Amino acid sequence: MFRPVSSKPDLVAGEHEILALWRERRTFARLRAQNAGNPRWSFLDGPITANNPMGVHHAWGRAYKDLFQRFHAMLGQDQRYQNGFDCQGLWVEVNVERDLGFTNKRDIEDYGIAAFVSLCKQRVLTYAARQTEQSIRLGMWMDWNDPNELRRLRDLLAENPAQTVTTTSTDGQPVTDTAEMIVGRLGLPETGGSYFTFSNENNYLIWSFLAECHRRGWLYKGHDSMPWCARCGTGISQHEMTEGYADREDPGLTVKLPLLDRPGEALLVWTTTPWTLTSNVAAAVGPELRYVKVQQGDETFWLGRGTLKHALAGDFKVVEEHPGSELAGWRYSGPFDNLPAVQAAFAGAGLGGADYEHQVVLWDEVGEEEGTGIVHIAPGCGAEDFALGKSLGLPMIAPLDENGIVIPGFGPYSGRDVRDVMEPIVECLKHEHRFYRLETITHRYPHCWRCGTPLVFRLVDEWYISMGPVYDKPRESLTKAEVDASLRYQIMEVIGGIKWIPGFGYERELDWLLNMHDWMISKKRYWGLALPIYDCTACGTVTVVGGREDLASRAIEGWDQFEGHTPHRPYVDAVKIACSNCGAPVSRIRDVGNPWLDAGIVPFSTVHYRSDPEYWSRWFPADFVTESFPGQFRNWFYSLLAMSTVLRREAPFKTLFGYALVFGADGRQMHKSWGNAIEFDEAAERMGVDVMRWMFANARPEDNILFGWHAADEARRRLLVLWNVYSFFVTYARLAGWEPKRGIVAEIREVGSRPDAEAWPALDRWILSRVAGLAAEVKEDLAEYDGLDAARAIDRFVEELSTWYLRRSRDRMRPSADPIDREQAFATLHAALVALSRILAPILPFLSESIYQNLIVSVDPSLPDSVHLTRWPDEELSDLRDPGLESSMAVVTRVVDLVRTLRGQAGIKVRQPLARMWIALPDADLVERDELLALAADEVNVKSIELIGDESELVDRRVKPLLPRIGRKLGSAIPAVMSAAREGRFEILPDGSVTLGGVTLAPDEVEIQATPRPGTAVAHDEGLVVVIDTELTPELRAEGDARELQRAIQDARKDAGVELDDEVRIRVEAPAAIRAALAPFVAAVSAETRSTIEFGEAPAHAQPIDLDSGTIRVGLMPGTVGP
RNA sequence: GGGCGACUAGCUCAGCUGGUUAGAGCGCUGCCCUGAUAAGGCAGAGGUCACUGGUUCGAGUCCAGUGUCGCCCA
């Protein structure tokens, strides 16, 4: 017997029950065992940063990941189910620093790098455990570590990393090592579970990748002016730059630069970063721009003509005008020429070894929108300045150290923080009469993406992987040698073979690759990949170590300090190797690696590329990866592609599915302070994860999703429609004591073929055909990674199941219904619901399981005990499909809509029976016409339906030319043809062809439809015409009144809270005439409403009911039944 | 400045390779159905499909340009 089901489900409580059920029955492990050894589907998880609790934006992607994994499991495919955690990098450091109250790198060094790195590992374990719990709550099936075990390892690591620990792998095997090494082995074959990018294997495999890059000459030490966060003490890579733009107020300082060869005249330059004036080298003008000499008081200035209005303060007079090109080469007196650093940089840096002098240079990029049209150039302080300086061979002056302190050689500014030097600089300029004006301006300025500090630019040594040249010609015309020399073109080749969803992803990635600068992989920090680069200070030779064994064999000192540790700072720093060229002892550079290296290597490191190539080749390349598009073009997608191209020159995945961002309900990014943020846990426990998953599946992946409580309510209501059908079924099946006897399809076959069975009703065969079609359609959608189309198809089906199948079948399931027909209805609805639960399973794992448990597991122990252990049902159901029946049924539902419209217009309630209606069908006929029309007649309460043909006086014929078919052929004749068709000027020939508007159209080029003849009260739609007979006989009126009475009794029962199967006594107070008219129907009403109907004086609480023929009062007699 | 995407009803969004009358859900109004009922149906109100131009017999759909927004790059 089915469990009773509430009509108001507690979805959240149900989800927790299902989670417990899965745990108890080890359902996921059994699914894996069931599919083991089958054809594979390889999913590669993009690692989630284990640094904070998971948010609803993570839930979107994770819902997709789980959806497609579950779907492919239902296709019987073997999978790896490995989740990934991103572990290393600045984002973890920043949080640990915040917890400790640190403000800069010196705090970390004082605290101790080993202890700091250990805290970073501990934080990762904390949040990996947390995110694991949250993901399980979301219903995500992965080879999860026990969260408590992750926390235990964290505590053991904190206590003493060297202590010996035994842990249990996810498949139950003991693994023993030191706490530190156990943590370093997480995710490897011996421990199982999620991969952690801080694992030894991940780090060492990146070493071998870097060694390979070095072998090909693509790894180099660069000197660049780069965005730099003085607080974090680190460069910000190009990848990270754009995440940190924000509006900011800065000084806008205008400075006079006296011209050496034009006494009394000065250039006006403008800067928002006064500290860079110490490092001024040149002044740039636009060669095409016009420049003017202006007189202001007793001073004479040069500036761009287009800047006069905003750059000058006060009255002025224009004296001369020249194109910028004529200013080139003018020498001027720099703002801080007496600083030792400036003198040192200029000495011997000019042409032919002479000292360099400040001068005007030409630059196409100069504009007049802001400033003076003359740009202050400090190549050591800005990216564009650096590029210009490099191309012109200008000297470079770099004033800052890594903490943003001005280095020695800058006089009074040395030793001061860059943020504190503006005032003394302005003071000095005033004192030197070089100050013109200081304003405050607001502009977009880059900030550190982690800590929000405004960035500065400084010249630094960093390590890069070369992307290779950009050739100034089309890709098709590149030679093999040119491509071989350029990683970027190799990647472009590789991505051509990838399926990008949505398609524009390919264009974006190509654009990114074409514009990609060399990949900066170093970071001057503590927690991360230890870059295995050994840069010999004696001879300049660079050695890149390719792995732990390589390091061991080269080590000449410090190995004993490193032994037993994971390859992280500070222990790995102790090892020195002999320079491969000069033999001098060389230390590792202190930098750690860019975290995208960590995530990019996972197509290799997580599938045992080095230790088990056979295993690796079975899972590489992945069939599918999915992540949020914004950002990942330049991050994970890029690093995956770059690393795989270097190692294999092939794509690491076949299909990439991208989706957009989760925003708050107001369309803005979620922020706690804006009140539009929803935490994952809150969402899960308030709306339920299936509701969330339904919202996610119904979102267009390429558009941002607006996530809020209202949208969740809407999604929930859709699911409630399904729940209502399910709960109706269970309620009545229990009432009837009905149970399925053998399987799903077998059941309906058996019932349908019994000798005593009437023909299997068309309505039943229709819904079975629909669900079979749905199975096929959703399979096709999900195979194409189209969750949206799948969800829409399901939604349409649920709608039809509820508002047509169930609505039309309710009476059949009542206790009073014909037993054979009732059994057919139960078997059909049961089969449809079970099939639907299986189709829903990937999207709504909990709701579908809940339905399946009750409809199958509670009654048939021989079948799989979880919906997720069943196979996709399309093949099983395929021979139930009947397209002809489906299209005929679609006509019938349109008939019903039209009748409702007509009844509304005529003011005749559906409760009032009508004698007749007439229908003209658009096409020749319906399949199983009589049975289908009976459905319509019953639904709209009409006693008989007559079909009418062309000859009827009720309809005219109309011709609808089929434009897609004739458009091309007819061309400009179309307007005439269409207006002839509209106005009825046509002739239908005996063979079915039609002449109109001067042409003859073949029978298959037109559709001949019925249309109401003017003046008749009919409704029509696409050639379907419906007419109702509005004449009401006394008999019909009485019957309508009887239905009204039935309604009133049911209302009274409901008001009294009477149970469905309770018998009640009803007292009806009515005039004699009405009583007589109702008499023939009393028995039927009485049976239908389970009541004994007495006429007489109604109880005081009885409700008055307006009938067509007068008013009656209907009441439930007290004391009969009820709560 | 360059690339990609979006712009359709008050709100959230569908509209396939162009086909003549642009749809749904939510919200609003009226009516109806109803022992699934905090659901459902019918009808109504609500749209210059961002704008301009082009291609075409025909453009929400294709092309070009403009504007606004978002993301990316410089």
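Because the structure is a prediction, the values reported are computed rather than measured. Chain letters run A, B, ... following the sequence lines, proteins first and then strands; every chain starts at 1.
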Ring pair (Phe, Tyr, Trp, His ring centres under 6.0 Å) filter on A:Trp694, not counting sequence neighbours, yields none

A:Arg717, nearest nucleotide to its side chain (from B:C73, B:G15, B:C26): B:C26

Let me know the distance between NE2 of A:His517 and C1' of B:C73, rounded to the nearest Å. 9 Å

On RNA chain B, check which nucleotide each of A:Phe663 and A:Leu970 is closest to and give me the residue with the more 5' one. A:Leu970

C1' gap between B:G46 and B:U8, integer Å: 13 Å

Using whole Å, report how far CD of A:Glu702 lies from C1' of B:C72. 17 Å

Looking only at side-chain atoms of A:Lys8, point me to the closest of B:A38, B:A36, B:C13. B:A38

What nucleic acid atoms does A:Arg1043 come within less than 4.0 Å of, heavy atoms only: base, sugar-phosphate, or nothing? sugar-phosphate

Show each protein N/O and nucleotides 58-65 of chain B N/O combination with a separation under 3.5 Å, one pair to a line.
none

Could you pull out the protein-nucleic contacts involving nucleotides 29-31 of chain B (nitrogen or oxygen on both sides, under 3.5 Å)?
none

Would you measure the distance from the P atom in B:G19 across to the matching atom in B:C62 and give it in whole Å? 11 Å

Would you mind reading off the distance between A:Arg894 atom CZ and B:C42 atom P, rounded to a whole angstrom? 13 Å

Pair listing, salt bridge (charged side-chain N to carboxylate O under 4.0 Å, His left out) test, anchored in residues 898-912 of chain A, at least two apart: A:Asp897-A:Arg900, A:Arg900-A:Glu939, A:Arg911-A:Glu1044

Say we look at B:C49 and B:G15: how far apart would their C1' atoms be, to the nearest angstrom? 11 Å

With sequence neighbours excluded, tell me which residues meet salt bridge (charged side-chain N to carboxylate O under 4.0 Å, His left out) with A:Arg985. A:Glu983

Does A:Phe729 reach a base, just sugar-phosphate, or nothing at all? Heavy atoms under 4.0 Å. nothing

Pull out every stem in RNA chain B, meaning runs of 3 or more consecutive Watson-Crick or G-U wobble pairs with both distances under 3.5 Å. B:1-7 with B:67-73, B:10-13 with B:23-26, B:28-32 with B:40-44, B:50-54 with B:62-66

Classify the nucleic acid contact of A:Arg807 as base, sugar-phosphate or nothing, counting any heavy atom under 4.0 Å across all strands shown. base

In chain order, what residues pass the ring pair (Phe, Tyr, Trp, His ring centres under 6.0 Å) check against A:Phe797, with sequence neighbours excluded? none

Residue list, ring pair (Phe, Tyr, Trp, His ring centres under 6.0 Å) with A:Phe986, at least two apart or on another chain: none

List the residues meeting side-chain hydrogen bond (donor to acceptor under 3.5 Å, both in side chains) with A:Arg508, not counting sequence neighbours, and say none if there are none. none

Checking all strands, does A:Arg718 fall into the base, sugar-phosphate, or nothing category for heavy-atom contacts under 4.0 angstrom? nothing

Would a 4.5 Å heavy-atom cut-off, applied to side chains only, mark A:Met889 and A:Leu935 as touching? yes

Would you please name every residue forming a ring pair (Phe, Tyr, Trp, His ring centres under 6.0 Å) with A:Tyr805, sequence neighbours left out? none

Distance between the C1' atoms of B:G54 and B:A59, in whole angstroms? 11 Å

Looking across every strand, which nucleic acid part, if any, lies under 4.0 Å from A:Ser7 by heavy atom: base, sugar-phosphate, or nothing? sugar-phosphate

A:Trp709 six-ring centre to A:Arg686 NZ/CZ under 6.0 Å and within 45° of normal: yes

Suppose we call a contact any N or O donor and acceptor under 3.5 Å apart; does that hold for the side chain of A:Ser802 and the base of B:A36? yes

Taking atom P of B:A39 as reference, at what distance in whole Å does atom CH2 of A:Trp804 sit? 22 Å

Could you check, using the six-membered ring where one of them is a Trp, whether A:Tyr638 and A:Trp596 have ring centers closer than 6.0 angstrom? no

By the 4.0 Å heavy-atom rule, please label A:Gln1050 as base, sugar-phosphate, or nothing. base

Rounding to an integer number of angstrom, what distance separates B:G47 and B:C11 when you compare their P atoms? 12 Å

Contacts of A:Arg475 meeting salt bridge (charged side-chain N to carboxylate O under 4.0 Å, His left out) (sequence neighbours excluded), chain-then-number -> none

Between N or O atoms, less than 3.5 Å apart, protein on one side and nucleotides 2-4 of chain B on the other: list the pairs.
unit_1	atom_1	unit_2	atom_2	d
B:C4	O2'	A:Arg508	NE	3.2
B:C4	O2	A:Arg508	NH2	2.8

Rounded to whole angstrom units, what separation is found between the CD atom of A:Glu714 and the P atom of B:G27? 7 Å

Would you mind classifying the nucleic acid contact of A:Gln912 as base, sugar-phosphate or nothing, using non-hydrogen atoms under 4.0 angstrom? nothing

Side-chain heavy-atom pair A:Thr626, A:Tyr785 within 4.5 angstrom cut-off: no

Between A:Lys960 and A:Glu1005, does at least one N-O distance fall below 4.0 Å, as a salt bridge requires? no

How close or far is atom P of B:U12 from atom CH2 of A:Trp694, stated in whole angstroms? 21 Å

Between A:Phe657 and A:Tyr659, how do the two ring planes meet: parallel, tilted or perpendicular, split at 30° and 60°? tilted

With P as the reference atom in both, quote the distance from B:U17 to B:C7 in angstrom, rounded to an integer. 14 Å

Classify the ring geometry of A:Phe637 against A:Phe629: parallel below 30°, tilted from 30° to 60°, perpendicular beyond 60°. perpendicular

Quick one, A:Ile1066 and A:Val1114 - any side-chain contact, counting heavy atoms below 4.5 Å? yes

Set out, in order, the CA-CA distance, both residues' side-chain angles and the distance that settles salt bridge (charged side-chain N to carboxylate O under 4.0 Å, His left out) for A:Asp1051 and A:Arg1047, then state yes or no. CA-CA 6 Å; A:Asp1051 274 352; A:Arg1047 241 326 305 106; 2.3 Å; yes

Sugar-phosphate only, base, or nothing, as touched by A:Leu806 at under 4.0 Å among non-hydrogen atoms: base

Say you pick atom C1' in B:A24 and the same atom in B:A9; how far apart are they, in whole Å? 11 Å

For the pair made of CE in A:Met695 and C1' in B:C13, what is the distance, rounded to whole Å? 13 Å

Which part of the nucleic acid does A:Asn698 contact within heavy-atom distance under 4.0 Å: base, sugar-phosphate only, or nothing? nothing

Both A:Asp897 and A:Phe728 contact RNA chain B. Which one's nearest nucleotide lies toward the 5' end? A:Phe728

Separation of B:A36 atom P from A:Leu735 atom CG, nearest Å, is 12 Å

Out of B:A36, B:U12, B:G19, minimum distance to the side chain of A:Leu706 belongs to B:U12

B:C71 to B:U55 separation - C1' atoms, rounded to the nearest Å: 32 Å

What's A:Arg1047 touching, base or sugar-phosphate or nothing? Going by heavy atoms closer than 4.0 Å. base

